[in-house]
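Okay, structure first, notes after.
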Amino acid sequence: MMLKIAYALLCFSWAMARADVTPKFRSEVIATDLGIGYGVAAADVDGDGRTDILLCDQESISWYQNPSWQKFMMVGKLTDKDHVCLAARDIDGDGKCEVAVGAQWNPSDTTDSGAVFYLKPPSDRRALWTPIPLSHEPTTHRMKWVRNAAGRFDLIVLPLHGRGNVNGGGAGVRVLAYHRPEKPEDPWNTTLVTDAMHMTHNLDIVPPGSAGEPESILLCGKEGVMRLDPTEKGWSTRWISRHQEPELQGAGEVRWGAFAGGQPYIVTIEPMHGHQVVLYTPPAQGPKDGLWQRQVLDDSLIDGHAIACHDLLGMNNRQIVVGWRAHHKVGSKVGLKLLYTSKEDGSEWQQHWLDENQMACEDAVGADLDGDRDVDILAAGRRTKNLKIYWNERN
């Protein structure tokens, strides 16, 4: 009897905790002097067990040391055009992240733009790092370290355009996997992941079933959203959504999510730099047998440019953080919002402002920055020129 009572109390407490999901976040300004905060990342840079912040700014790559948030420059300006992206992840298991950078950003030059660098760390990672230039395609735009079938990590690099493209027409975008040699100064081999899409804007990693499995990726662009799975014969393609103008005009941001029951979902911002937050859920016959079902959650963004999916509220599902920058509409409201639901069918989403008009969001990611096992949000603003942490203070 006592066990039954204890179990009932436990279930009641769990239910009450799930019922109280009111978001509570406290913002903290880390920097106000950004050029253009193109990209942010969260990783342990110095190996002290704390998650640090990395920033890809217009003319520098820096990291901010947790918990003081003291800034250390890694490299200054690498090319005459802007830096545009970075990837940071511990790929060799030493507790310290490896870093790669994309630069020479000129989206209108589909022939000679672009640059990719691996940053070789010094013994004291607070000192300047050594940039090692790698081969590249034009219009380098996004990158991530992704675990392959052999358990090693490749750098997946995503250009915006195909070589020689005009207005998104012509050759497909060559998404490449860079294989790091034992000595990073040696030549890096590359293999083609896909060239089936045009005007690609972002990618995401699909969480594997176990820690040792290879990672799949999501890719979004002019033609819609696809999933790419590594196989012994290369990468297999599975379309999530296929777009054709004028009805659908592609996607600019993409993230993987999941409901409490384990059912996956995918969320996008559509079109590129668009106004819609779009949810995709698997068709009734299963995700391998057809395109996913499309549902617009919000159509009020102005120049949407950031998505993150995490369980911020302890609901055992993933909630959605969306940010927008209104880059070409000065005077329009900018911000960062949280969308959340307790419904397993993906219905009845609620919204909560994380930052109303003080963050022209260029990029946002989630990470546990204070070790309390709650996911916090960090974001970089374009014309607001700020770097901020949104501390998760839920009960």
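None of these values were measured; they are calculated from a predicted model.
- Listed by first and then second residue, the ring pair (Phe, Tyr, Trp, His ring centres under 6.0 Å) pairs that reach into residues 188-215 are Y118-W188, H141-H201, H201-H273, H201-H305, sequence neighbours excluded.
- Rounding to the nearest 0.5 Å gives a distance of 11.0 Å between CZ of R383 and NE2 of H328.
- For Q244, the CD atom sits in a loose shell: 12 or fewer heavy atoms of surrounding residues, nucleotides or ligands are nearer than 6.0 Å.
- In this structure, R26 places its CZ atom where more than 12 heavy-atom neighbours from other residues, nucleotides or ligands lie under 6.0 Å away.
- From L301, atom CG reaches atom NZ of K333 across 13.0 Å, with rounding to the nearest 0.5 Å.
- D44 pairs by the side-chain contact (heavy atoms from CB on, under 4.5 Å) definition with D46, D48, D52, not counting sequence neighbours.
- In this structure the side chain of V157 reaches within 4.5 angstrom of the side chain of V116, judged on heavy atoms.
- D154 and N148 form a side-chain donor-acceptor contact under 3.5 Å, judged by distance and modelled atom types alone.
- Listed by chain and number, the residues in a salt bridge (charged side-chain N to carboxylate O under 4.0 Å, His left out) with D298 are K337 (sequence neighbours excluded).
- A donor-acceptor pair shorter than 3.5 Å can be found between the side chains of H179 and T191.
- Membership of an apolar cluster is not assigned to V334, as no side-chain contact below 4.5 Å to another ILVMFWY residue is traced.
- No more than 12 heavy atoms of other residues, nucleotides or ligands shown are found within 6.0 angstrom of NZ on K81.
- For the 3.5 Å distance criterion, the side chains of Q319 and N317 qualify, holding a donor opposite an acceptor.
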Review item, side-chain donor-acceptor pairs of residues 204-211, under 3.5 Å, at least two apart:
{"residue": "D204", "atom": "OD2", "partner": "W256", "partner atom": "N", "Å": "2.9"}
{"residue": "S210", "atom": "OG", "partner": "E213", "partner atom": "OE2", "Å": "3.3"}

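- Using a 3.5 Å distance cut-off with no hydrogens or angles, the side chains of Y38 and D82 do pair a donor with an acceptor.
- Aromatic pair Y265/Y280: ring centres not closer than 6.0 Å.
- For W63 and F72, the ring centers sit closer than 6.0 Å to each other.
- No side-chain donor-acceptor contact under 3.5 Å links Q276 and D299.
- Under a 4.5 Å side-chain heavy-atom criterion applied to ILVMFWY residues, the cluster that includes Y64 comprises I30, L34, V40, I53, L55, W69, V365, L369, L378, L387, I389, W391 as well.
- S236 pairs by the side-chain contact (heavy atoms from CB on, under 4.5 Å) definition with D229, T231, not counting sequence neighbours.
- Residues that satisfy the side-chain contact (heavy atoms from CB on, under 4.5 Å) test with D92, not counting sequence neighbours, are D90, D94, E98, R180.
- A salt bridge links R163 with E137: the closest approach of a Lys/Arg side-chain nitrogen to an acidic carboxylate oxygen falls below 4.0 angstrom.
- For the salt bridge (charged side-chain N to carboxylate O under 4.0 Å, His left out) test, no residue two or more places apart in sequence or in another chain qualifies with K71.
- One side chain, E270 or T268, offers a donor N or O that lies under 3.5 Å from an acceptor on the other.
- Every salt bridge (charged side-chain N to carboxylate O under 4.0 Å, His left out) that K388 has, sequence neighbours left out, goes to D355.
- The side-chain contact (heavy atoms from CB on, under 4.5 Å) check on P23 picks up F25, L313, L338, Y340, H352, with sequence neighbours excluded.
- Evaluation of the salt bridge (charged side-chain N to carboxylate O under 4.0 Å, His left out) rule for R382 yields E362 as partners, not counting sequence neighbours.
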